[in-house]
Amino acid sequence: MAHLDARELRVRGGEKTSLADAGVDPLSLRWKAFFQGPNRDFRRLDATSRAFVILAEALDLARCLDAGARDDTALVLASATGCLAADLRFQASLDAPAGPEPALFPYTLPSTSLGEIAVRHGLRGPTLCLSVREGDESAGVDAALDLLAAGDAAAAVVLLGDWCPPGKTRAAALLLTARDPDTPEPVSVRDARPFGLDHADRLATPCRT
Amino acid sequence: MDGAIHVAGRGAVASLGGSAAEVLDAVFAGAVGIRPFERLAGTDCLTDVAAEVRRADLPADPDDLPFALAVQAGREALADRRDSALVLASTKADMGGILHPGDGLGQGIRLARRVAVALGLTGEVAAVSCACASGLAALAHAGRMLRAGRARRVLVVGTDGLTPFVLRGFSGLLALARDACRPFDRARQGLSLGEGAGAILLSADAAESLGFALLGWGESNDANHVTGPSRDGAGLALAVERALRRAAVAAETIDYVHLHGTGTPYNDAMEDKALARVFAAPPPASGSKGQLGHTLGAAAVLESLVALEALARGTAPGNAGLDEPEPGGFLDLRRDRAPLPRARHALKLAAGFGGINAAVVFGRSS
């Protein structure tokens, strides 16, 4: 599991990265501030969408999922604001002297960040993007568990939360896998608090971070 | 309860009419709802045609179009039933606050909750936004809810209204046809946008069935490119294979395919390749975007109604705008409607930005 808020990126079983120490602007979220290796282009993803891409990277999926498993891994996102920042920016560009910014338009869909994650990590399972009320991120976990219980995926990367101005920022990512791919055991997490992981042991997550 | 997921209600409002019967009669008669702009006249974009809802069918407040259309279609599908969950599919939902003063801010769940209150629904409410595959993603989500026993009925509503935001967005990508779109035609230039709402009530109760059932669904991601479809069709083929597997039906028993068929050069070519991967011989197939336009979040639900009606009538609607198919394609498409040799199962396809693919299989309730 990985958790990103206005102060730090925390990865369970891994390192913490303080945003302040890394010189990260929470509204821009530069790739190189978090990860080694070649700089990855965020293209036109807004800050919320970038947070989800960073969190997916922090899960270290290559360690948890082999190529076959990634073909059967779903992506589930539950967010209240979605890509609102991109929406507002595109709307503003309609009235700009240069006209609309065409390359931005596909990023005015909240599911585009999931497409970016799918491409980067080779995830070919179902893609489900939910709009939820602020604070109701557990709906994303429920949806992922439904997917696993139905046998529609063997694993699910679940991305939860929002990235608003500092003070209202929090986002998390979970990797859920079915205990037994042939007979997935459904687990109810209606009262789970994913950011606190109080009920993490009730989730079928042999590979959580 | 027999474990099956039955189609228990339907509703629609689109450029071709204000009810499911009116829209479907028009589709099967070959009518085209893509017309010169009325409400959107003066929008600066590559085209001046779209499939707008007719003035007579418009709600009082066109700015609240997605809400009003969803309620109208949902009310028709429910037929006074209230004990139902709701899954709403929309790409932009309520744009108030983005386009003009208001607080909608494109939040699907806000729109969904308003629709649920207006319809008097008592169950769980969810909002799905998976680009142009939203409608099928919503049907799959609803199917899982029913299979998990979390609901006895689920109303699936797809809705989207046209705005300059969307028109100019697609125009900027050079994705719009100047005139009415021509899916799968060798001279196709792009898509035509539309608006509307489609509603399907799913029920676990066989006594409520209209004669058809949602047999299975399948979803995948191309994992290839964020905005363009995978050129080889492998991702969509994977979604189809998953749907067939869940439905426990063989490809050769699919008697009709309702295509995504946007009219863009790459999408149509990809879809043709995808079906060539799955089927040994081209099945009867057609699409409705040449008549209804691309209604975005409403598309897959509205078009699923066409697929169901094809089974009911034993007829495949024609492909509006098709004069000369792309040479060398796998599909054998006809401009005019044609009787189906058999009408056991129908397959509905959808694909969207983000590499999202989805397919569902409908069949007769046993």
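Throughout, protein chains are lettered first and strands after them, A, B, ... in sequence-line order, and every chain is numbered starting at 1. Only heavy atoms go into these numbers, but all of them, side chains included; no hydrogens, no water, no symmetry mates.
Of the residues considered (B:C130, B:G355, B:G108), B:C130 shows the highest number of contacts with chain A, using heavy-atom pairs under 4.5 Å. By number of non-hydrogen pairs under 4.5 angstrom with chain B, the leading residue of A:T108, A:L88, A:D71 is A:T108. Of the listed residues (B:A137, B:A131, B:S129), the greatest number of heavy-atom pairs within a distance under 4.5 Å of chain A belongs to B:S129. Most heavy-atom pairs under 4.5 Å with chain B: of the set A:P126, A:P102, A:A118, this distinction falls to A:P126. Counting heavy-atom pairs closer than 4.5 Å to chain B, the top residue among A:C129, A:S111, A:G115 is A:C129.
For B:E271, there are no salt bridge (charged side-chain N to carboxylate O under 4.0 Å, His left out) partners at least two apart in sequence or on another chain. Taking the side-chain contact (heavy atoms from CB on, under 4.5 Å) definition, one finds that B:R246 meets it with A:A150, A:D152, B:R147, B:W217, sequence neighbours left out.
Screening residues 94-103 of chain A for side-chain hydrogen bond (donor to acceptor under 3.5 Å, both in side chains), with sequence neighbours left out, gives A:R44-A:E101, A:R89-A:E101.
Between A:R70 and A:L65, the closest heavy-atom pair is NE-O, 3.1 Å.
Of the two parts of B:L238, only the side chain, counted from C-beta on, holds a non-hydrogen atom closer than 4.5 Å to a non-hydrogen atom of chain A. Contact of A:L84 with chain B is made through the side chain alone, with heavy-atom distances under 4.5 Å. Heavy atoms closer than 4.5 Å to chain A are found nowhere in B:N357, neither backbone nor side chain. Neither the backbone nor the side chain of A:L104 comes within contact range of chain B; no heavy atom of the residue lies under 4.5 Å from a heavy atom of that chain. For A:D72, the parts lying under 4.5 angstrom from a heavy atom of chain B are both the backbone and the side chain. Only the side chain of B:H141 has a heavy atom closer than 4.5 Å to any heavy atom of chain A. Neither the backbone nor the side chain of A:S113 comes within contact range of chain B; no heavy atom of the residue lies under 4.5 Å from a heavy atom of that chain.
Geometric assessment of A:R43 against the ring of A:Y107 yields a negative cation-pi assignment under the 6.0 Å and 45° thresholds.
In summary, the side chains of A:D162 and A:T48 do not present any donor paired with an acceptor at a separation below 3.5 Å, with no hydrogens or angles considered.
No side-chain heavy atom of B:R110 sits less than 4.5 Å from a side-chain heavy atom of A:R133. Side-chain atoms of A:L123 and B:N221, non-hydrogen and from C-beta on, never get closer than 4.5 Å to each other. Taking 4.5 Å as the limit, every side-chain heavy atom of B:N224 sits out of range of all side-chain heavy atoms of A:V119.
A donor-acceptor contact shorter than 3.5 Å is absent between the side chain of B:T264 and the backbone of B:A175.
Rounded to the nearest 0.5 Å, atoms CG (B:L191) and CG (B:N267) are 9.0 Å apart.
Within residues 87-94 of chain B, the residues having any heavy atom under 4.5 Å from a heavy atom of chain A are, by residue number, B:T91, B:K92.
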